[in-house]
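Take a look at the structure set out below.
Just so we're on the same page: letters track the sequence lines, and every chain starts at 1. When reading the values below, keep in mind they use all heavy atoms of this one structure, side chains included, and skip hydrogens, waters and symmetry mates.
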Amino acid sequence: MAKEITPRAEDYSAWYLDIVKKAQLADNSAVRGCMVIKPTGYAIWENMRDALDRMFKDTGHVNAYFPLFVPKSLFEAEEKNAEGFAKECAVVTHYRLKADTEHKGKLIVDPAAKLEEELVVRPTSEAIIWNTYRDWIQSYRDLPLLINQWANVVRWEMRTRPFLRTAEFLWQEGHTAHATSEEAREETVRMLNVYADFAENFMAMPVIKGVKTESERFAGAEDTYCIEALMQDGKALQAGTSHFLGQNFAKAFEVKYLNSQNQQEYVWATSWGVSTRLIGGLIMTHSDDDGLVLPPRLAPLQVVIVPIPTTGDVVDGVANSILDNLKSRGIRAKYDTDDTKRSGFKFAEYEMRGVPVRIAIGKRDIENNTVEVARRDTKEKTVISMNSVVEYVVNLLEEIQQNLFNRAKQYRDEHITNVDTFDEFKNVLETKGGFISAHWDGTPETEEAIKDATKATIRCIPLDNPQEQGVCVYSGKPSAQRVLFAKAY
RNA sequence: CGGGGUGUGGCUCAGCCCGGUAGAGCACCUCGUUCGGGACGAGGGGGUCGGAGGUUCAAAUCCUCUCACCCCGACCA
């Protein structure tokens, strides 16, 4: 019985859903738009979280936790931010249920338990956090305040897809306060670099660092920096954002500090976040028609040892010895002794679940003093002598990590296309996809018109973008630089 | 919020048009034979057919209401 995964070429969206399901990353739940993250999916998130958390700590941040609920009056305080999220907020209006007298065993909302003030389920935590920071910050000596929170947030999305867009998702949100604009700006860029570093070195997912245009900017931010990745179907994925918030929240929440000259000043702020959406990006960057492909650094299981039975007893000793040696080298490995599944089934199963390296050991190997090592990224199999297999695998994991990045980067680089006419723009978008590098006159009107005509949006203005005289691909007006367009998730 | 679709064992679905007391494959349990790329045989357990109401001697099937989920669009990380 073949466990069918829809080929990418046939239906990319169905392929993605098949991977999520067959690799056992997540299930749909009884709640609309919310998924259950299964142990394998959650283990990937834990690995991401652990790596990022280390990077945050290394850059001087500490973790804290703020409430899930935000009183509506606080939420309203920063106007632009509130408006940006208003139409996708879940709101708590009551605090009690009671028995339904007309239907036995049913419960109804108790009308007598209406809240004086509604509570917004956080779509992001700026409001509650800045309301708190007001009390924490008195003096320039309290700055910078560098806090991160690991939390869940809720955004009532119309249409959802596992990991890429769900009504509830897990993320981290950093919220920092600084004495000067320059410091806050530096922090914004520092954390953008942390994200880019993480994406490329752990996820093996190449990203472009850039700045959002006004229409794509986070409501309440002065500037939104982002990392943009390219998926295999030619669509872009915003993988992380870092916002320079200026003094918008400080003014809305009256967060002032006394500087060394004994003068009151508003603080400068940043916020930055990545979410479980990264798992969607991970899937769509590396996986193939046989299933999930994971970079070793994030794979919950890096090496699996599969015995070829009949010789089970003979194999056990060798397998366990290799397993112990791998573990002592810090590798996440497992020896699969389940004798109710055939080895062929296990091969297919572990490939589908994205385990980077498989070691098979059978009678023939015992006789020859070898093992068979198969790598998931290229599906290549190599026979290796037993006494060198641990060293080989340690190096192979690193090689796979590199290969995945190189492969993804080559695909990404081949899918950045310079275009100079709007016909060419539309043609490339439809036939090739990917990022389109084109001149833009800098106006929201043109951006909107292009979006209406093609569904492509400006993903970002890359950092360190070369300045180059040209004319806008749509309006023909003068332009000083190219920006990156793409259809986006 | 519009348009479409689906709810029947854990999963995928048949049965519904034409009412007669629930089936297949997979998965699961037991035993045996197997095992270098998704094994086979025999036996076995499991479903008040999404929910409520109605028609009928009789409802998974017909009627009414309702709930949920999925897909497509507008919105968004």
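When rounded to the nearest whole Å, the span between CG of A/D338 and P of B/A27 equals 13 Å. The CD-C1' distance, from A/Q24 to B/C11, rounds to 12 Å in whole Å. Separating the NZ atom of A/K346 from the C1' atom of B/G38 is a distance of 13 Å, rounded to the nearest angstrom. Taking atom CZ of A/R358 as the reference point, atom P of B/G38 lies 12 Å away to the nearest angstrom. The NZ-C1' distance, from A/K363 to B/U34, rounds to 14 Å in whole Å. Rounded to whole angstrom, the span from the CD1 atom of A/I384 across to the C1' atom of B/G36 amounts to 17 Å.
Aromatic ring orientation, A/F249 versus A/F253: parallel (interplanar angle below 30°, classes split at 30° and 60°).
As judged by a 4.0 angstrom heavy-atom cut-off over every strand, A/D365 is placed among the base-contacting residues. Backbone-only engagement by A/K341 is indicated by non-hydrogen atom pairs under 4.0 Å involving sugar-phosphate atoms exclusively.
B/U48 and B/U34 are spaced 41 Å apart, taking the P atom of each and rounding to whole Å. Across B/A60 and B/A52, the matching C1' atoms stand 16 Å from one another, rounded to whole Å. Comparing B/A74 with B/G4, their C1' atoms sit 16 Å apart, to the nearest whole Å. Going from the P atom of B/U8 to that of B/G51 covers 10 Å, rounded to whole Å. Taking atom C1' in both B/G50 and B/G37, the straight-line distance is 41 Å, to the nearest Å. Here the separation of B/C26 from B/A39, taken at their C1' atoms, is 15 Å to the nearest Å. Here the separation of B/G15 from B/U6, taken at their P atoms, is 12 Å to the nearest Å. Rounded to the nearest Å, the gap between the C1' atom of B/C70 and that of B/C13 is 16 Å.
Sorted by first and then second residue, the pairs that involve residues 42-53 of chain A and meet side-chain hydrogen bond (donor to acceptor under 3.5 Å, both in side chains), not counting sequence neighbours, are A/D53-A/K57, A/D53-A/N63, A/D53-A/W150. Counting only residues at least two apart or on different chains, the side-chain hydrogen bond (donor to acceptor under 3.5 Å, both in side chains) pairs with a member in residues 76-88 of chain A are A/K72-A/E76. Annotation: side-chain hydrogen bond (donor to acceptor under 3.5 Å, both in side chains) contacts involving residues 276-287 of chain A, sequence neighbours excluded, are absent.
Residues satisfying the salt bridge (Lys or Arg N to Asp or Glu O under 4.0 Å) criterion with A/E391, sequence neighbours excluded, are A/R329. For A/K334, the salt bridge (Lys or Arg N to Asp or Glu O under 4.0 Å) criterion is met by no residue, not counting sequence neighbours.
Because its NZ or CZ atom is both nearer than 6.0 Å to the ring centre of A/F347 and within 45° of the ring axis, A/R358 counts as a cation-pi partner of that residue.
Across the interface with RNA chain B, nearest-nucleotide mapping of A/F347 and A/D339 shows A/D339 to be the residue nearer the 5′ end.
Residue-to-nucleotide contacts include a donor-acceptor pair under 3.5 Å from the side chain of A/K381 to the base of B/G37. No hydrogens or angles were tested; on distance alone, nothing pairs the side chain of A/R342 with the base of B/G36 as donor and acceptor under 3.5 Å.
Across all strands shown, nothing is found opposite B/C18 as a Watson-Crick or G-U wobble partner with both distances under 3.5 Å. The partner of B/A68, taking Watson-Crick or G-U wobble pairs whose two distances both stay under 3.5 Å, is B/U6. B/G23 is paired with B/C13 under the criterion used here, namely a Watson-Crick or G-U wobble arrangement in which both key atom distances are under 3.5 Å. Remark: B/G45 base-pairs with no nucleotide; criterion is Watson-Crick or G-U wobble with both hydrogen-bond distances under 3.5 Å. As the counterpart of B/C40, B/G32 is assigned, both hydrogen-bonding distances of the Watson-Crick or G-U wobble pattern falling under 3.5 Å.
In this model, the phosphate group of B/C11 is not approached by any side-chain N or O of A/K22 to a distance below 4.0 Å at OP1 or OP2. Side-chain N/O atoms of A/R364 include none lying less than 4.0 angstrom from OP1 or OP2 on B/G36.
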Legend entry - Annotated protein contacts, base or backbone, on nucleotides 70-77 of chain B with a non-hydrogen cut-off under 4.0 Å, one of B, S, - each: SSSBBBBB
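With A/T270 contributing its side chain and A/T188 its backbone, the two residues share no donor-acceptor pair below 3.5 Å.
Under the 4.5 Å side-chain criterion, counting only non-hydrogen atoms from C-beta, A/P295 is in contact with A/L282.
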